[in-house]
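One structure is given here, and the rest of the page talks about it.
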Amino acid sequence: MNFQTVLDQIDAEIRPLLGAAGKVASYIPALARVPAGRFGIALRTRDGEEARAGDADEAFSIQSVSKLFTLMLAMRCLGEGLWERIGREPSGNPFNSLVQLEFEAGRPRNPFINAGALAVADRLVTQARVGGGDGDGGVARDARDDILALMSDLAGEAIGFDAEVAASEAATGFRNVALVNFMKSFGKIDNDVADVLAMYFHQCAIRMSCVQLARAAGFLCRDGAHPLTPGRGEAHAVVTDRQARRINALMLTCGTYDAAGDVAFSIGLPCKSGVGGGIVAVVPDRLTLCVWSPALDAAGNSLLGLKALELFVAKTGLSVF
Ligand code: DON
């Protein structure tokens, strides 16, 4: 299949629609000023073939796409222990909702809603503080350094935070402040609320392009093997193949907020979206794909990003179903 031709066709079909519908996230100035007319798409196959079109090299705020990578890091460090405090069910509620947490005693439904990602951030802060998991045994680290090191390693180049976005997230993130405090009141957060929030606000503020994200997520189509090494098997694993399959399952069922059922129905690929307009999608055993277009639908998913994924599936016939 000539993927470059497919992506060029998608770009040509999407471009006339840019700016006509959807709303760019406006809760912070740095996101509100991103032009609605941007569109990028990139993919990388399990064997390292790449294709890209449109604004695929332009960096954007990855926002909740980061939740897939913090989950991966926490699964790798904590194994099954992670699930003591976080569920694996779709929430059916908006990503920043508080209501379910009250009924469910501070245990978030899944790691991709804000409450779940904050619970994951708490575990990563602990791992870094005690020098566990990825680092040199016993030396205390900052979890924000851990996530940047992971993203840079997976993407094969230096990845950074957008300091303005991180500061704005902190200045306006009242619901996230409420969510961590609420979970802490149930005894479900171990660290200082401020440390957990600092980690979460920074992970939301990571800047990457479609090309970088398609590369970084590559372990999801390679049985957990590092995206950029030709080798497979345990020696090259960043997570086990079972963990990679489970992350894909969670992306399919919970990765696009309360629209996950619709996305599974219309696209049929594991996806993780963010309010910066990015969506990472996986064709297991074949390729990873990233689309970006900043105008969002009512659920907070990129309107034309989803449309582009629908076109991709229609043109290639690739789907998990
Ligand atoms: O934390 C927030 O609410 C924003 N930074 C939005 C994150 C996002 O992309 C949506 N989350 N699931």
Side-chain angles (χ1 to χ4, degrees), residues 22-32 34 59-71 86-87 89-101 108-122 124 144 147 151 161-183 193-194 196-208 213 217 247 250-260 263 270-281 290-303 305-306:
K23 279 177 77 175
V24 175
S26 58
Y27 68 96
I28 55 175
L31 291 186
V34 178
F60 57 89
S61 183
I62 74 169
Q63 291 291 330
S64 286
V65 176
S66 64
K67 291 172 180 161
L68 115 74
F69 295 98
T70 51
L71 171 65
I86 304 167
E89 289 292 344
S91 73
N93 284 310
F95 58 81
N96 54 8
S97 169
L98 281 127
V99 284
Q100 219 158 26
L101 268 185
R109 272 285 172 109
N110 69 66
F112 292 154
I113 51 173
N114 285 16
L118 288 159
V120 169
D122 178 54
L124 293 177
R144 292 172 288 187
I147 188 63
M151 300 313 293
F161 298 123
D162 181 323
E164 183 195 347
V165 172
S168 296
E169 294 284 345
T172 61
F174 305 112
R175 274 184 173 262
N176 292 316
V177 174
L179 285 165
V180 189
N181 277 296
F182 202 38
M183 287 190 285
V193 165
V196 176
L197 288 167
M199 170 60 182
Y200 177 77
F201 291 142
H202 277 82
Q203 71 177 74
C204 288
I206 292 172
R207 279 178 71 77
M208 290 174 77
L213 276 169
I247 296 170
L250 286 164
M251 288 169 69
L252 184 73
T253 52
C254 312
T256 43
Y257 319 132
D258 42 333
V263 173
C271 293
K272 183 71 205 87
S273 62
V275 297
I279 308 175
V280 164
C290 179
V291 291
W292 171 55
S293 181
L296 308 177
D297 65 15
N301 295 308
S302 169
L303 192 75
L306 289 177

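Quantities reported herein were computed from a predicted structural model and do not represent experimental measurements. For ligands, and for the atoms within them, numbers begin at 1 and follow the listed sequence.
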Do you know which two heavy atoms are closest between Phe112 and Lys67, and how far apart they sit? O-CD, 3.4 Å
Is a side-chain donor or acceptor of Ser302 paired with a backbone partner of Ser293 at a separation under 3.5 angstrom? yes
Determine whether a donor-acceptor pair (N or O, by modelled atom type, separation under 3.5 Å) exists between the side chain of Asp162 and the backbone of Ala205. no
Which pairs of N or O atoms, one from ligand 1 and one from the protein, are separated by less than 3.5 Å, and what is the distance for each pair?
| unit_1 | atom_1 | unit_2 | atom_2 | d |
| --- | --- | --- | --- | --- |
| ligand 1 | 1 (O) | Asn114 | ND2 | 3.2 |
| ligand 1 | 1 (O) | Asn176 | ND2 | 3.0 |
| ligand 1 | 1 (O) | Tyr200 | OH | 2.6 |
| ligand 1 | 3 (O) | Asn114 | ND2 | 2.9 |
| ligand 1 | 5 (N) | Tyr27 | OH | 3.1 |
| ligand 1 | 5 (N) | Gln63 | OE1 | 2.7 |
| ligand 1 | 5 (N) | Glu169 | OE1 | 2.8 |
| ligand 1 | 5 (N) | Glu169 | OE2 | 3.3 |
| ligand 1 | 9 (O) | Ser64 | N | 3.1 |
| ligand 1 | 9 (O) | Ser64 | OG | 2.7 |
| ligand 1 | 9 (O) | Tyr257 | OH | 3.4 |
| ligand 1 | 9 (O) | Val275 | N | 2.9 |
| ligand 1 | 11 (N) | Ser64 | OG | 2.3 |
| ligand 1 | 11 (N) | Lys67 | NZ | 2.9 |
| ligand 1 | 11 (N) | Asn114 | OD1 | 3.3 |
| ligand 1 | 12 (N) | Ser64 | OG | 2.7 |
| ligand 1 | 12 (N) | Lys67 | NZ | 2.7 |
| ligand 1 | 12 (N) | Asn114 | OD1 | 3.3 |

Should the pair Phe161 and His202 be assigned to parallel (<30°), tilted (30 to 60°) or perpendicular (>60°) ring geometry? perpendicular
Backbone of Pro90 reached by a side-chain donor or acceptor of Arg109 within 3.5 Å: yes
Can you sort out the partners of Glu164 under salt bridge (Lys or Arg N to Asp or Glu O under 4.0 Å), two or more places apart, ordered by chain and number? Arg33
